[in-house]
Amino acid sequence: MSVSPAAADVLVDISSERLEHTVPFPVFKADASWPRLPEEMILGQVPGLAVDQEDTIWILTRPNSLSPTDRGLDTNPPSAVACCTTPPHVMRFDQEGNLLLAWGGADYAAEFSGDNQWPANVHGLHAADDGTIWIGGNGDGDHVVLNFTMDGEYIRQIGRRGTTGGNLSETALGNPADISANDERILIADGYINKRIAAFDSDALDLAYMWGAYGKRPSAPAREGAFDQSQATSSSDGGADTESTSFGDIVHCVVRGPERTVYVCDRRNNRLQLFRETPEGVEFLRDIVIAPETGGTRTASDVAFSPNGKYVYVADMMNGRVWILLRKTHEILGSFGKNGRYPGQFIWLHSVDVDSQGNVYTTEVGTGRRVQRFVFTGFDD
């Protein structure tokens with residue numbers, strides 16, 4: 001793939017490690033010019049990312065993660081010396097990184113008996129093939145996923161803020177982390193309070209089925225009390241268990257892959273679990289273990305695929321890298337990135353997705369607070 005001279009000026013070499021030399025290895029450079037935010041705007045944490053059917057890039061931000069000095073220009077009157085303006089929650093960019101539209105907040109959510117349904121702490125964004133956008137939340141009481149048009153018009157929701165019912169509930173959620181919707185089923189990683197995947201009928205929104213680790217009935221107890229960020233780094237669970245018979249206490253992603261496969265991020269157990277959708281539900285296929293000895297925030301945070309489906313990209317939060325796997329065998333071929341704050345490095349790496357040209361996008365939460373674009377430059381044979 002050739003890169004124009006103008007584009008090459010902003011492409012930055014990045015750290016990478018190749019472990020397998022018998023398979024062509026995708027190579028990337030970080031685009032230091034992407035995105036082009038409006039003047040004075042600063043991003044907060046970015047806990048959601050999706051590339052849609054039109055190859056535009058959506059991100060979900062947390063304006064509430066910014067400090068008073070970060071958002072000084074939003075004060076009345078604006079501070080003469082402080083930065084900056086806060087971003088809207090939902091932002092859509094073109095391939096060049098230009099902001100196309102933005103929306104979000106309490107005014108965009110439906111109301112039930114006067115209760116605002118917008119999450120207190122947004123988490124997870126999915127751009128469905130029907131052109132709609134889904135978001136979830138993992139803040140106190142955020143037991144809902146919301147569905148909108150591209151322009152932010154409310155359509156419908158599953159669950160309700162302030163209402164949860166445990167892993168076996170057929171109507172309530174428990175701090176959902178991620179969504180994958182098609183014209184048959186809406187899959188929800190119901191994963192910060194509950195520990196399951198819940199599948200709802202795409203039309204009626206009735207629960208169709210649910211599953212825990214290995215496709216079994218969810219058996220792990222729901223988290224007691226509200227989730228807070230300190231629990232994402234705690235070692236009180238004894239560390240990752242890559243053979244656990246239940247999901248760990250953050251079921252972080254649910255991503256549909258080629259051939260009706262479904263990848264589930266069992267982040268705290270440093271693994272993905274791979275399933276295949278069937279007319280009756282799902283069948284378990286295999287574990288995919290990612291850096292099993294890792295502690296802290298652990299590893300498997302999100303999953304994406306190369307345009308031809310040959311490669312799997314796995315975001316590793318704690319180690320600050322994107323692992324590259326051969327999808328046919330799920331052998332780990334290598335990785336790119338490392339922990340740090342410069343282009344091509346990561347702090348609290350959260351989400352990953354890929355456009356039709358093979359370019360990779362990532363987002364960061366915690367103190368990372370950014371989205372990055374990695375331009376596919378070809379293969380190392």
Side-chain angles (χ1 to χ4, degrees), residues 45 47-48 62 64-65 119-124 136-143 162 164-169 172-178 188-198 210-214 216-254 263-273 287-303 314-321 323 339 346-351 363-369:
Q45 296 178 12
R62 290 174 178 158
N64 54 306
S65 67
N121 196 61
V122 293
H123 190 292
N138 70 339
D140 190 4
D142 289 339
H143 309 310
T164 189
N167 276 310
L168 300 182
S169 175
L173 302 175
N175 277 180
D178 196 21
I188 299 174
D190 196 21
Y192 271 85
I193 297 295
N194 293 336
K195 301 181 180 70
R196 65 174 181 170
I197 304 297
M210 67 181 82
W211 77 89
Y214 298 101
K216 305 297 185 181
R217 180 182 174 89
S219 60
R223 188 190 300 275
E224 294 184 5
F227 170 80
D228 67 69
Q229 185 169 288
S230 67
Q231 294 169 329
T233 61
S234 170
S235 58
S236 62
D237 60 357
D241 181 358
T242 59
E243 298 180 353
S244 174
T245 57
S246 61
F247 288 140
D249 62 6
I250 300 178
V251 186
H252 201 259
C253 86
V254 58
Y263 291 71
V264 175
C265 294
D266 187 7
R267 194 182 99 192
R268 297 282 286 168
N269 282 326
N270 291 345
R271 68 182 178 183
L272 304 168
Q273 287 211 318
D287 281 318
I288 304 166
V289 177
I290 305 295
E293 302 303 321
T294 304
T297 55
R298 317 288 167 90
T299 63
S301 181
D302 200 11
V303 178
V314 180
D316 177 342
M317 181 175 284
M318 187 65 189
N319 294 306
R321 63 181 64 192
W323 295 98
N339 280 308
F346 306 108
I347 295 293
W348 284 75
L349 172 60
H350 192 275
S351 305
T363 68
E364 295 160 65
V365 293
T367 60
R369 304 193 320 188

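Start at 1 with the first residue, then count along the sequence.
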Participant: Could you check whether D190 pairs with R196 (Lys NZ or Arg NE/NH1/NH2 to Asp/Glu carboxylate O, under 4.0 Å)?
Facilitator: yes
Participant: Sub-3.5 Å donor-acceptor pair from the side chain of S244 to the main-chain atoms of D241, do we have one?
Facilitator: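 No; zero donor-acceptor contacts below 3.5 Å.
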Participant: Side chains of P47 and V122: closer than 4.5 Å at any heavy-atom pair?
Facilitator: yes
Participant: Within the 4.5 Å heavy-atom criterion, are R267 and T299 side-chain neighbours or not?
Facilitator: no
Participant: Quick check on D140: does its CG atom have over 12 non-hydrogen neighbours (other residues, nucleotides or ligands) under 6.0 Å away?
Facilitator: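 No, the 6.0 Å shell around CG holds no more than 12 heavy atoms from other groups.
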Participant: Does the S65 side chain pair with the main chain of R62, one donor and one acceptor, at a distance under 3.5 Å?
Facilitator: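 Such a contact is found between S65 side chain and R62 backbone.
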Participant: To the closest 0.5 Å, what do you measure between OH (Y192) and CG (D178)?
Facilitator: 10.0 Å
Participant: Do you know the tightest heavy-atom contact between S169 and A172?
Facilitator: OG-N, 2.9 Å
Participant: To the nearest 0.5 Å, what is the distance between CG (N270) and CD1 (I288)?
Facilitator: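 With rounding to 0.5 Å, CG (N270) is 13.5 Å from CD1 (I288).
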Participant: Closest approach of N175 and H143, non-hydrogen atoms and distance?
Facilitator: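 Smallest interatomic distance, heavy atoms only, reads N-ND1, 3.1 Å.
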Participant: Looking at C253 and S301, what are the two nearest heavy atoms and their distance?
Facilitator: CB-O, 3.8 Å
Participant: Roughly how far, to the nearest 0.5 Å, is the CZ atom of F227 from the CD1 atom of I193?
Facilitator: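 Answer for the CD1-CZ pair, I193 versus F227, is 8.5 Å.
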Participant: Is any side-chain heavy atom of N319 closer than 4.5 Å to a side-chain heavy atom of T294?
Facilitator: yes
Participant: Going by atom types only, do D249 and Q231 share a side-chain donor-acceptor pair under 3.5 Å?
Facilitator: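 Checked: D249/Q231 side chains show no N/O donor-acceptor pair below 3.5 Å.
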Participant: Report the C-alpha distance between R268 and K195 in whole Å, list the side-chain angles of each, state the deciding distance to 0.1 Å, and finish with yes or no for side chain to side chain contact (heavy atoms under 4.5 Å, CB included).
Facilitator: CA-CA 11 Å; R268 297 282 286 168; K195 301 181 180 70; over 6 Å; no
Participant: Could you check whether any side-chain heavy atom of E364 comes within less than 4.5 Å of a side-chain heavy atom of H350, counting everything from C-beta outward?
Facilitator: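 They are not in contact (no side-chain heavy atoms under 4.5 Å apart), so the answer is no.
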Participant: Using atom types as modelled and distance alone, determine if a side-chain donor or acceptor of D316 lies under 3.5 Å from a backbone N or O of R321.
Facilitator: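 Here the side-chain-to-backbone pair does not exist.
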Participant: Side chains of V264 and F247: does their closest heavy-atom pair fall under 4.5 Å?
Facilitator: yes
Participant: Within the side chain of K216, is there an N or O that forms a donor-acceptor pair under 3.5 Å with the backbone of W211?
Facilitator: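 No.
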Participant: Would R217 and L168 count as a side chain to side chain contact (heavy atoms under 4.5 Å, CB included) here? Give the steps.
Facilitator: CA-CA 9 Å; R217 180 182 174 89; L168 300 182; 3.1 Å; yes
Participant: Return the minimal non-hydrogen interatomic distance between A300 and C265, and the atom names on each side.
Facilitator: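 Residues A300 and C265, closest heavy atoms: O-CB, 3.4 Å.
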Participant: Roughly how far, to the nearest 0.5 Å, is the OG atom of S351 from the NE2 atom of H123?
Facilitator: 7.0 Å
Participant: Between M318 and R298, is there a side-chain heavy-atom distance shorter than 4.5 Å?
Facilitator: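 Side-chain contact under 4.5 Å: no.
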Participant: Donor-acceptor pair, N269 side chain versus T242 backbone, under 3.5 Å?
Facilitator: no
Participant: Is it the case that the side chain of D142 and the backbone of P176 share a donor-acceptor pair, with hydrogens and angles ignored and the cut-off at 3.5 Å?
Facilitator: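 Answer holds: no.
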Participant: Does any non-hydrogen side-chain atom of T164 lie less than 4.5 Å from one of L173?
Facilitator: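 A side-chain contact under 4.5 Å is absent here.
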Participant: Would you call M210 and I197 a side-chain contact if the rule is heavy atoms closer than 4.5 Å?
Facilitator: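 Contact flag for M210/I197 side chains = no.
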Participant: Supply the atom-to-atom distance I290 CD1 to L272 CG, rounded to the nearest 0.5 angstrom.
Facilitator: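 One gets 5.5 Å once the value is rounded to the nearest 0.5 Å.
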Participant: Taking atom CG of N339 and atom CZ of F346, what is their separation to the nearest 0.5 Å?
Facilitator: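 Answer rounded to 0.5 Å: 9.5 Å.
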Participant: Pairing donors with acceptors under 3.5 angstrom, does anything connect the side chains of Y214 and D287?
Facilitator: yes
Participant: Just by distance, with hydrogens left out, do N121 and N138 show a side-chain donor and acceptor under 3.5 Å apart?
Facilitator: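 Yes, a side-chain donor-acceptor pair sits under 3.5 Å.
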